[in-house]
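All remarks here apply to the structure that follows.
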Amino acid sequence: MSHPAHVVVAPLLVALLTAVTTLLARSFPRLQRGLSVLGGVGYAAAVAALAAAVTGDADGYIVYALSGWDAPFGIVLVADALSAFFLIIAAIVGVAALVFSVGYLDRETAALSYHSLFHFMLVGVTGALLTGDLFNLFVWFEVMLMASYVLVVYYSGPEHTRAALHYTVLNLLGGAVMLLAVGGLYAVTGTLNMADMAHRLAEGAVDPAPVLGLSALLFTVFALKAGIVPFQFWVPDAYRAAPAPVTAVLAGVVKKVGIYAIVRVYFTVLSAGEVALDLPFVAGDSYLAFFGPVMFAMAVGSILLGGVGAVNQPDMDGLLAYSSIGQIGFIVLPLAVAATAPYGGSLMTFAITAALVYSLNHGLAKGLLFLSSGVTRRAVGSTDFADLGGLSERDPAFAGAFFLGVLALIGIPPLSGFFGKFLVFDTGVRAGSTPVLALALVGAVFTVAYFSRAWNRTFWGDPVEYDPQPRLVAVLAVLAVGLVVVGVGFEPVVAGAEAAAEAAVNRSGYVDAVLEVGA
Amino acid sequence: MQPSPVALLVALALPFLGAAAAPLVYRLVGERTAYFAAAVAAVTFLLLAGEYGAALAADPASSGLTYRWVPTLGVSLTLYLDGLALLVGFLASGVGVLVFTYSGGYMHGEPGQAKYYATLLAFMGSMVGVALAADLVALFVFWELTSVTSFVLIGHYQRSDSGRYAARKSMLITVAGGLFMLVGFLMLAFVSGQSAELARTFTLVGTPESLIANAEAVRTALEANGLLVPAIALVAIGAMAKSAQVPFHIWLPNAMEAPTPVSAFLHSATMVKAGVYLVGRTRPLLLPEAAVPEWTLLVATVGLVSMTITAILAVGATDIKELLAYSTASHLGLIIAGYGLANEFGAETGAFHILNHAVFKAALFMVAGIIAHEAGTRYIHDLGGLRRDLPITAGITAIATLGMAGVPPFNGFYSKELLFEATYEVAAHEGGLFWLFPAVAVFGSVFTFLYSVRFLMLFFGERPEGLHAHRPPLPMLAPPLLLAGIAAFIGLGGVAGAFGAEVPLVGGFLAAVVNSSALHALDHGFVYAVPTKLSPYFVMSLLTIGLGTVAYPFYDRLHHAVRRARALPATSPNWYYDRSLSVTNGLSVATGRVVHNGVFRRYAYTVLAAICALALGGYAAASVTFPGFEGLAVSVPLVVVLVTAVLGAVAVSRAPSHVAGVLTLSILGLMVAIFFVLSDAPDLALTQLVIETLVLVIFLLVLDKLPSWYGDLAGGRVAADAGLATAVGATVFVTVLVTTGASPPEPIAGFFVETAPVPEEHGLWILEQGGGSNIVNVVLVDFRAFDTLGEISVVAMAALSVLTLIGMRGRGEAETNTVAEPEIEAVADGAVPGGPEHADESGTTPGSRGDADGGETA
């Protein structure tokens, strides 16, 4: 190892340290909350340092070999523009949700385990986004999920228990499948290091045929994490059950880890293998050609199910949950286009850029909206539309923040979401694909339909009793301003997303950066 | 010639700054915020007026001002001011001044004024942006902002159900239409990037590389990519949605829920003009040199059909604002039809009627506001003879309605005459079915005449009992009076024109407006006059007026006939709108019930089936071959162990009780352990035994809590379960088979085996470096210690989760009581003892949420 790239491991260590210290500080709730927020800020700072280091690096890769064991025998962390992009989403949404939690949750109750679990969840997210080892990815998924299981069941009422049970069992199934797939990939390729795996596949040293089935198996696990149809069953109940800030992170960050894993594993790593495909609707000789139609079908299902489902939900949490299913479809849709485009070409890079920008916008805006749902729950005592109304008269600042979040998801310029929609549409135009455009338009109309209803039911109409929550609304305001800033100052954002997309399809760069360390 | 960058930027920014300041201003000066806003609008107007000379001399290839916004995507903020942009800018700011002044009277004592003025100013800024933006993306930005501000303003009376319904409807239609338009814009940019002669650009006009400056090449590229008709259609959908053209006209009558100044401003003079503006702006780009191009077939047809249908609907209106709303849609149809026709009169129709319509319609909306305010009703049936109470208003109305009816020499006559001329030219040239164009134009205009006269008759005839109107305050009277004056001035210009005199300002300005949408610049100025001889189109005008006069006595019959036709679902677009919403609502509820019904078996079934389908599909697609196991020698003990395991598995499924099942299951586990022993894997065997024992103990501890009997299983379910189990088994089996058959070169395990101290000649590398000699141990605690760190965290969290679950039991319930919705509590209380598992297995108890989903269809 030529230089100690500790900056790569820093975010993970900060989160882990915070998780442990907040656990130790349980008896001192005030101290614990301080440590927790401090840890969150430290995490954001560490992510910022990492992103700066990646941007400043000549090759754009910083590889950190844990314990000094080089790849492929030890585990390496690899920071590039792609992981940095998702880490930034995690840091923004994570810190906002954390600060919100402090004002939102009952303090005595939260002291028990909440802060520790929240940071453990960030540990899992960070590890998954940074690791360069497939089995290690499984481990960080487990860490992330274990924390989320408990956070979903947090309130421990009957409906929370039920939702968490479904969520847990489905993800345990997913875990078993992942283990099967990772074990299979190890047996077939002889390695667990992702760069080494790409290298071996590209060299043609391994039998490529079984790898496709194994990667399909693995794909289902990532789709389950991302809540893509038909793996979305846990989403509505879990999102309703979890405390608002946890849902914000689940929808804003944890889902995106599934998307990250799809981009990283399929575009950077497994795209290396070539095998003649023999199925109707599937042509080509790369693994990606198989996943293109699969992802398109999943996007169709997600956008339609999420869109239709959200239109008439009786409560805000349910509406936002279905909306998340639909919006994840908007992220998968360009990925489907990317998968069928020539590898490393401009269309593939552009389509991935679209998916990344959409992920960022969804993370920010949906995080904001789920936190808004928390404000309603605190201020009115319910998120059922039947109990809501006229909040714009009661709290214009809250209404304004919510309105911006809604407009961002609808895709109104100049908010961040506009460019998300813009890039997805442009992907369809560039690909010359009428089905993609038609689906995107239908999904967009659904978005207008359900969010206009959410607004009408919550913020207009006869006002209900409202207990102002200025501290919580302040967090929303910061995120809302973020939506405007990202949209108006979009140039650096799109540049970052483009760099991330280029990193995602730069297989040789990734392989060289990781394996060079050992050379 | 380039306009002053500072003037344009300030004109664009000022309304937004004013909007930001409005709440503060309202706090300081109260209702006089209206005059603050009027002042902002006036300054904007003057700034634009200052660029009059530059606008008239604008050159599509060079007069744009470009500010880079997102260079990576080629998106810029290009501002361009020519005749058409100036006209729309004048309408936005000029009518803005009048509307804000009028609001000062109209909004007296109304709620939410700070929001009202802020939104209205933001709208005005957006509209100025639409006019000035010459970059497609920037245009879209302001376009959508007008839709959003319109949403807020239509929903101004936010407590009323109809206001919310109207706001949502307009949002759905205009924003969705905008998204279609965006796709059309992206197609334009795409083909500009595909063309060899062009560079990818979003700039519509104003730079040498802009689309309109290279219109010919862009059209060639569009046709080469087969995108000309899709691009026209998509852009047209955006324009139709915004300008309330059939079948998207349905939002406009509902939009009358907004306060009347908003209707006058957004829903007649400006926002709805955005669609028309877009058609006029893209006309030179998308209209090829042909007598009847695709553009005409699409755009002119839509315009004429909309003009006629909405004119008929206006006759069926019972409310004066509803009448004006349909009338607005009709006149926008007229403008679009004009722009749709390829000859020079078409462009003249569009340009002139934008101005004329804005003038007479804004005046009429203000009149409607006066009537509603001062007479207390908007029902046509209850109104009549108002001229005695409102003489000045009656005069205003006369000038405006006669212009609207197209009676010479009032202003609307000239532009309608141009439409007749344009349609007649096309028909005379093409013949055949194209005679429908002039015929439909006349037919539709007859209805325009009818409802215009009806509106005017509000002021004449008998005054109904008890109807009394107060004099309007000056702020409400002066603005429509000024507009009527302008209308009269334009009308008199035509009279003067008949004597060969040219009216100052109007002619030169309108020529510039026409040139913005014309294929070739006019070689003469814009002249109009009352006809002095009997041309075919003048005959058309006379025919319209004559037919209208003959039909007017039957107005009530027509009115009722239209109302009856409207009531039929099949001919009512509103029915389609409401129906599709309620169907979607029903589907939405069904999604909750059917897809997410709370029955876990269904979830697991679908997920597992999808996993199997994808994995097996992957194996099939790559045509995996199974490894041959030649000379596979299976020892007798192994056969015994495996057969016992299989028997144990079968026995589990037939076990009569939980305890028997668990005990039988441990036979299977034990056999797996023995299999590990026989395969020389003592570590694994030990682990397996420990887990087996623990699981058995834990099972026995909790079995007590489970119900002993779940009920009989239906045969179909057993078969489905068996099918799924087989699929899962097959997936795992194939996976294991193909992976164990693989023999990758140099697996990383080989490195560990080779460097471990077994046998001795390899040395002590691992021992020295890793501090251990057992490969598995060293890998776990050193090479892959990072994994172990994660796993330790998982175990720690598992412990923490137990702690949380126990700790939250008491507190969690308290939390639920204060927070969760009461009906969920009720359902949860009614749940069967035995918890969620029981409900899942029986499959008959719906999820608690499933119940809650049912109620709502609003």
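It should be emphasised that the depicted structure is a prediction, and the values quoted were computed from it without experimental measurement. Throughout, a chain's letter reflects where its sequence line sits, starting with A, and its residues are numbered from 1. Any value given below was found using the heavy atoms of this structure, including those in side chains, with hydrogens, waters and symmetry copies removed.
Aromatic ring orientation, F151(B) versus F403(A): parallel (interplanar angle below 30°, classes split at 30° and 60°). Ring geometry for H596(B) against F233(A) counts as perpendicular: the plane angle is over 60°, on a 0 to 90° scale with 30° as the lower cut.
Interface residue L172(B): backbone and side-chain heavy atoms are both found under 4.5 Å from chain A. Residue T731(B) touches chain A through its side chain alone, counting heavy-atom pairs closer than 4.5 Å. Heavy atoms of V175(B) lying under 4.5 Å from chain A belong exclusively to its side chain. Only the side chain of M298(A) comes within contact range of chain B, with at least one heavy atom under 4.5 Å from a heavy atom of that chain. Within the 4.5 angstrom heavy-atom criterion, no atom of W143(B) approaches chain A. Looking at Q232(A), the atoms closer than 4.5 Å to chain B (heavy atoms on both sides) sit in the backbone and in the side chain alike. Residue F459(A) touches chain B through its backbone alone, counting heavy-atom pairs closer than 4.5 Å. No part of V734(B) comes within reach of chain A, as not one of its non-hydrogen atoms sits under 4.5 angstrom from that chain. In this structure, no portion of F142(B) lies under 4.5 Å from any heavy atom of chain A. Heavy atoms of V779(B) lying under 4.5 Å from chain A are absent altogether. Contacts between V429(A) and chain B at a heavy-atom distance below 4.5 Å involve backbone atoms as well as side-chain atoms.
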Check step by step if side chain to side chain contact (heavy atoms under 4.5 Å, CB included) holds for S793(B) and F120(A).
-> CA-CA 8 Å; S793(B) 305; F120(A) 266 125; 3.7 Å; yes

Audit row: L800(B), S116(A), side chain to side chain contact (heavy atoms under 4.5 Å, CB included) steps and yes/no | CA-CA 9 Å; L800(B) 203 52; S116(A) 186; 4.0 Å; yes

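Here the two rings, on F786(B) and W140(A), have centers that are under 6.0 Å apart. Aromatic pair F783(B)/F73(A): centroids not less than 6.0 angstrom apart. The six-membered or imidazole ring of F422(A) lies away from that of F140(B), with a centre-to-centre distance of 6.0 Å or more.
Looking at every heavy atom in both residues, S67(A) comes nearest to D782(B) through OG-O, 4.0 Å.
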For a quick test of your reading: what N or O donor-acceptor pairs under 3.5 Å do the side chains of residues 606-621 of chain B make, sequence neighbours left out?
| unit_1 | atom_1 | unit_2 | atom_2 | d |
| --- | --- | --- | --- | --- |
| T606(B) | OG1 | R602(B) | O | 2.8 |
| Y619(B) | OH | T735(B) | OG1 | 2.9 |

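Using modelled atom types, no side-chain atom of R164(B) and backbone atom of R457(A) make a donor-acceptor pair closer than 3.5 Å.
For the pair E491(A) and R68(B), the salt-bridge criterion is not met [side-chain N within less than 4.0 Å of a carboxylate O].
Partners of S588(B) under the side-chain hydrogen bond (donor to acceptor under 3.5 Å, both in side chains) rule, at least two apart in sequence or in another chain, do not exist in this structure.
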